[in-house]
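Being a predicted model, the structure only gives us computed values, none of them experimental. Values below: all heavy atoms of this structure, side chains included; hydrogens, waters and symmetry mates excluded. Quick note on labels: first sequence line is chain A, next is B, and so on, each numbered from 1.
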Amino acid sequence: MSEPSTSPSPSSGSAAPPHRYSASLANEIEPKWQAWWAERETFRQPNPGEPGFDASKPKFYCLDMFPYPSGAGLHVGHPEGYTATDILCRYKLMNGFNVLHPMGWDAFGLPAEQYAIQTGVHPAETTRSAIDNFRRQLQRFGFCYDWSREYATIDEDYYRWTQWIFLKLYDAWFDAGAKKARPIAALIEGLESGDLRVGAEGEVAYAAAGAGGIGLLAHDAPGVRRWHELNARERRAFIDDQRLAYLGEQTVNWCPKLGTALANEEVIDGRSERGGHPVVRTPLRQWMFRITAYAERLLEGLGDLDWPNSTKAMQAEWIGRSEGAEIEFVLDVEGADPAIDADVPPMLRVFTTRPDTVFGATYMVVAPEHPLVSAALAKPRPETPVDDLRAYTDAARARSDIERQEAKDKTGVFTGFYAINPATGERIPVWTSDYVLMGYGSGAIMAVPAHDQRDFEFAQAFGLAIRQVVYPSPLYPMWWVGNHTTPEELEGVGDEEGWLGVVADFMGYVTTNEFDPSLYHESFGTIINRRRRPYSDPPPEREGLAGPRTADTPMASGSRRGSVRSTWVEAIQEMKFTSAEDFCARMADPIRVVRQGEAYAEPGRAINSSNDAVDLNGLPTKLAKARAIHWLEHSGAGRRRINYRLRDWLFSRQRYWGEPFPIVFDEHGDHHAVDASKLPVALPPMDDYQPIESDTPTPLLGKATDWVRTTAGEAGVAGLDPDAPVTRETNTMPGWAGSCWYYLRYCDPKNTERLAGEDAERYWMDGGVDLYIGGAEHAVLHLLYARFWHQALHDLGAVTTPEPFTKLFHQGMITGFAYQRPDKSLVPIDEVDESGDDAFVERATGEAVTQVVAKMSKSLKNVINPDDVIAEHGADVFRLYEMYMGPLEASKPWNTRDIVGLSRFMARAWRLCVDEQTGEAVVAETADDGIERLLHKTIAKVGEDIERLSFNTAIAAMIEFVNAASKADTASGGRLTRDQADRFVRILAPFAPHAGEELWAKLDGPPPVSLAGWPEHDPAMLKADEVEVPVQIMGKVRARLMMPADADAKAMEALAMGDERVVELLAGKTVRKVVAVPGRMVNIVAN
RNA sequence: GCCGGAGUGGCGGAAUUGGCAGACGCGGCGGAUUCAAAAUCCGCUUCUGGAAACAGAGUGGGGGUUCGAGUCCCCCCUCCGGCACCA
């Protein structure tokens, strides 16, 4: 293979050696090697079945979150993650992997469209030029992407398959019995054969229900109909309602400023995630994805993923699984006129996580949007305050989400209705209040003011009854111990929560020590530790991942604040015992221990909870719940139920710059799919992007009238008369659509038959994407949507793996410095002067400001442009600096001053191998043993550190090696032998690939070094014969002795005890114990 | 309030399994080289006391377990990210 020639770098200063490593040298060799790689397609990775593919190698699919190519160009944050994956990929290549490392463009999106609105330039034009700029910038970093796989989501060849996936989900339903998606055809088959029937509320009824899982509707449930009992319209409506992609009338988040509706996930604090514009709620008929059907699987699937805890927790929280019960409260309409009350629903169905507190439900609340409120307004009850109620519901509807969240005080109005509490038989009032949300559960609650803080505040505000039905669990055994002393009675209380032993110790403590309330915290710690048994809170009842959270699970909680234990400690602190007698006497009084003015929402023991059919009294909350549910199911008043916070995913946008839906509507308004063979449905050209001003959200594509009005034949709809007039769907897909499956397309980006060839998909996606690196801002949105599509596609046989991303990693944000005035306001960096040692003053005022870390922003003038940094230092130094700043996952400030350290390192490394005068390789004849050992150690360390993405320590190890080698004897002409330099350059190359290639070429290695093997290391060389061992006396290091590395504990002890200084220090003391850890240290205990 | 993280020199950070705290880099100080500067090279650089040897303190604070704790346990504080009237 030929080696590109390097001309001597132009001398910048008169004295600088001609071949010194410098920015100008870097800017010369870097583009040269980039061109070399591109020309030879060094990083082109063939697919299975293609020439050059080696099936004997293992695969490694390493994915970066592809960027949205903005007009502003690359930010320093982009190359952080990209450099990390690049180093790892190069390392894997050197270790004999087939590496898939692709890059592409997430190119549909709002910024390009907004720019088009302002300037009239077509979004495709601005996007294409932004892509060219991004590509240029990324290539300047020398990343080893397989550019032959590049594509953009706006390519028709790509979004054709995005539309295809939409149709796949459109043509599928979620079979709750099988817990997976199946084709619509299977649903129709099931209905026609009679296996499936149609429920009263449009659900699927199963023959096997009852024996099967929870929530399945049985054939014999009330109102269930057979398929043949439905007419054609009903059948169509039923089927359309079952689709994974369905048209739903929803209250949507409409953002007038952006001119589009947004998904729940895109709305934060009542404002749009992008741009922070106000969002209002308005009803709209929109395409939705039935992601809620996958709630359980999306949650369960998290357990097996190697993802950051925070991200798993956020997804779990977003899915929001709650276990509890559904309870029916019959409305008390006795004595009312049946004719008038025909429209009133017979009962209120509520969801609760605390069925054990049903005896404490003293009133009910429905959301202002609840049908019962409309019923109360239409046909008022005798007690209904009609005017107040109307005023309240009107106000609640007008209130934006922001205002709702800001309101603290509980407000509400009585509806005039009463319901019967199924546990107590009491007649309880039904109120409406906006603290109950229509979108969660059934929009109605049973209120238990004694044990729910919100209900408590509401009851206080309106003078409603409060009944305590739970006694604080931690105090319950203490209270019991205070009153019952016989072993039999203690037995009776049960100790399944593990409290009694600790209570016994605490009793011992309070009876033998003086009381000091301020020491309660410490004494608990002491007691718990003295018992030497793992202390555990009652098993978690919180929603989240399945299974107990122990220290071994990735979800283990670091914080125990707010736990039952904290409640206990707080309650005891507040009681301020003064003596042991006081303790025993007051623990006997249950009322004293409940804090005033607050609901007790923690687990405890049930009290005041029994009727003729069920008795919960004395049961711990967990058991009380189970018994309450058992009773509800038997009495028919309710059933066990799992509720999710997750809502269906709103998929329609009213914008231009997105994928069109492959859907048309016929004259009846029924929707039809465009035939898959007729895809893509191309985005029509337009030159007017102004949003349509309208009270009702109107899609922009409506302006393309020639495109919208077409015929079934023209649009490619099978099953309709080709001449039948149809109108196209004018909404477009959101930006998430393209990024939901892009990782699949990389497997086989040119395939025209499938979204990716089967062999390619099976090979690269085997076990999922091996490593996915990107920002934590996508923790919920992109990563949840992509998992949903993937799981659905897996069900439907389009992909082979159940989860897309096996290992996920978030790189931290690169921040910048800013300066803060005493009042905490920030000052741009160009308005600040340094006034001595790390002190800063604001130029305008002369006042002192302090340096703080802040997000890079235009207003703070602290944005770093990667192009500038490369011009000043070169890409290799840039890469090294970003990797050396700190742990990849940490957010770190860019400090321009620090980069020079990596420049110096590169120069030293270069000088280690190259004569700065001649530019020739300089090598020693003989190897220095110490350097050889250090090289082995460094090779091992760098390899391990790359594997665990600890690039900062890997670089530190290489710096150490270069520093040590630079100091080595130079008598033989060089510091490293050719063989040593060869090995060092190979480990340096993944980090600084251009300099790596250049040095490799100088050392006569055949390029590219990128495909040379990773050097071996000999584990025997990592061990020294003699090690320095610290000798501690009472835990303090008092001496350091050289000892044989393989000395055993006895020998070490003897050596330590024989040391002069140790003998001196031990004079007059008795040696109690000696602990010697071979190869580590010796500790002598003496007094 | 809830969930997830973090807190170590002047600064960025290291310490992988409970075993020498501060690797490595920046900055600073001193020196060599130079007419001079840059660059480069060498030495020192946690704090306190001391000329030094050395002694004491030290990983946000308080307690505990252990021969030994930055690391494990308990309590508290601060900061960052996320969620939030979710029944």
Is there, by distance only and without an angle test, a donor paired with an acceptor across the side chain of A:Asp898 and the base of B:rC26 below 3.5 Å? no

Contact class for A:Arg1072 (heavy atom, under 4.0 Å): base, sugar-phosphate, or nothing? nothing

Mapping A:Ser442 and A:Lys1073 onto RNA chain B by nearest heavy atom, which one lands closer to the 5' end? A:Lys1073

Any idea if B:rG9 is syn or anti, going by the 90°-from-0 cut? syn

Going by distance alone, is a donor N or O of one side chain under 3.5 Å from an acceptor N or O of the other, for A:Thr311 and A:His810? yes

From CD1 of A:Ile319 over to C1' of B:rC86, roughly how many Å is that when rounded to an integer? 15 Å

Please classify the nucleic acid contact of A:Val1077 as base, sugar-phosphate, or nothing, using heavy-atom distances under 4.0 Å. base

What nucleic acid atoms does A:Met885 come within less than 4.0 Å of, heavy atoms only: base, sugar-phosphate, or nothing? sugar-phosphate

Just checking, any donor-acceptor pair under 3.5 angstrom between side chains of A:Ser322 and A:Asn643? no

What's A:Arg1080 touching, base or sugar-phosphate or nothing? Going by heavy atoms closer than 4.0 Å. sugar-phosphate

Applying the 3.5 Å cut-off to both distances, the Watson-Crick or G-U partner of B:rA15 turns out to be none

Partner set under salt bridge (Lys or Arg N to Asp or Glu O under 4.0 Å) for A:Arg349, not counting sequence neighbours: A:Glu326, A:Glu328

Report yes if a side-chain nitrogen or oxygen of A:Asn952 is closer than 4.0 Å to either non-bridging phosphate oxygen (OP1 or OP2) of B:rG12; otherwise report no. no

So how far is it from A:Lys937 NZ to A:Leu1022 CG, rounded to the nearest 0.5 Å? 8.5 Å

Identified pairing partner of B:rG9, criterion: Watson-Crick or G-U wobble below 3.5 Å: none

